[in-house]
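Just below is one structure, and these are the notes that go with it.
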Amino acid sequence: VQLVESGGGDVQAGGSLRLSCAASGFILDNYVIGWIRQAPGKEREGISREGVACISSSDGSIYYADSVKGRFTISRDNAKNTAYLQMNSLKREDTATYYCAMVELDGPVVCNHYDMDYWGKGTLVTVSS
């Protein structure tokens with residue numbers, strides 16, 4: 001499975017970005033795909049990656065972290081094997097590397113970093129005030 005993210009960049013607080021994750025090399029009927037983020041320097045402090053938004057292909061259930069509810073929207077285009085994360089009203093604390101991640105799963109959505117088996121290389125989002 002290959003996951004390739006795009007769409008990161010620099011944006012001012014209050015702005016918007018849309019991340020894309022193109023998935024290839026898999027034949028999975030049931031899976032969860034989503035976005036996990038790591039704030040700069042936090043890995044060194046032992047702070048785990050945070051599940052931001054994930055979606056289940058089997059039942060369509062969606063998870064959002066409390067910190068992004070009402071601002072971020074996850075979606076997927078099955079025909080293109082692509083997942084998206086629309087991020088609106090961005091805040092400085094959204095600054096992070098955003099990783100696309102996937103796990104084969106037949107069931108409701110999960111969105112913890114330790115649940116995921118496949119990872120993209122990440123795309124950096126920097127929000128300035």
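All of these numbers come straight from a predicted model, not from anything done at the bench. For the single chain, residues carry numbers from 1 onward in sequence order.
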Out of curiosity, [X] [atom1] to [Y] [atom2], how far, rounded to the nearest 0.5 Å?
X	Y	atom1	atom2	result
Trp35	Cys54	CH2	SG	10.5 Å
Cys111	Glu50	SG	CD	9.0 Å
Leu3	Lys121	CG	NZ	12.0 Å
Leu105	Met116	CG	CE	9.0 Å
Asp77	Thr82	CG	OG1	6.5 Å
Arg92	Thr126	CZ	OG1	11.0 Å

Cluster overlap [X] with [Y], hydrophobic side-chain contacts below 4.5 Å:
X	Y	value
Val32	Tyr63	yes
Tyr64	Ile36	no
Tyr31	Leu85	yes
Tyr99	Leu90	no

**Prompt:** Considering all heavy atoms of both residues, which atom of Arg49 and which atom of His113 are nearest to each other, and what is their separation?
**Reply:**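 It is O-CD2, 3.4 Å.
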**Item:** Heavy-atom pair of closest approach, residues Ser16 and Ser89
**Value:**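 Smallest heavy-atom distance, with atoms named: OG-N, 4.3 Å.
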Hey, does [Y] have a side-chain heavy atom less than 4.5 Å from the side chain of [X]?
X	Y	answer
Ser56	Pro108	no
Arg71	Lys91	yes
Glu104	Asp117	no
Cys21	Tyr84	no
Thr95	Pro40	yes

**Asked** Is the backbone of Gly122 close enough, under 3.5 Å, to the side chain of Glu5 for a donor and an acceptor to pair up by distance?
**Response**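 Judged by distance alone, yes, a pair lies under 3.5 Å.
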**Request:** Say whether, by atom type as modelled, one donor and one acceptor occur between the side chain of Asp59 and the main chain of Ser61 under 3.5 angstrom.
**Result:**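 Here the side-chain-to-backbone pair exists.
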**side-chain contact (heavy atoms from CB on, under 4.5 Å) partner of Arg37, chosen from Asp94, Val125, Thr97** =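 Only one of Asp94, Val125, Thr97 forms a side-chain contact (heavy atoms from CB on, under 4.5 Å) with Arg37, namely Asp94.
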**Message:** My understanding is that only one of Asn81, Val109, Ile55 makes a side-chain contact (heavy atoms from CB on, under 4.5 Å) with Ile33; could you say which?
**Reply:**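 The passing option is Ile55.
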**Request:** Decide if atom CD of Gln12 counts as having more than 12 heavy atoms of other residues, nucleotides or ligands within a radius under 6.0 Å.
**Result:**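 No, because the 6.0 Å sphere around CD of Gln12 holds 12 heavy atoms or fewer from other groups.
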**Request:** Indicate the ring-plane relationship of Phe72 and Tyr98, choosing parallel, tilted or perpendicular according to the 30° and 60° boundaries.
**Result:**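 Rings of Phe72 and Tyr98: tilted, as their planes differ by 30° to 60°.
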**Request:** Inspect the contact between Asp66 and Lys69 and indicate whether a charged nitrogen and a carboxylate oxygen are less than 4.0 angstrom apart.
**Result:**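 Looking at Asp66 together with Lys69, the answer is yes, because their closest N to O distance falls below 4.0 Å.
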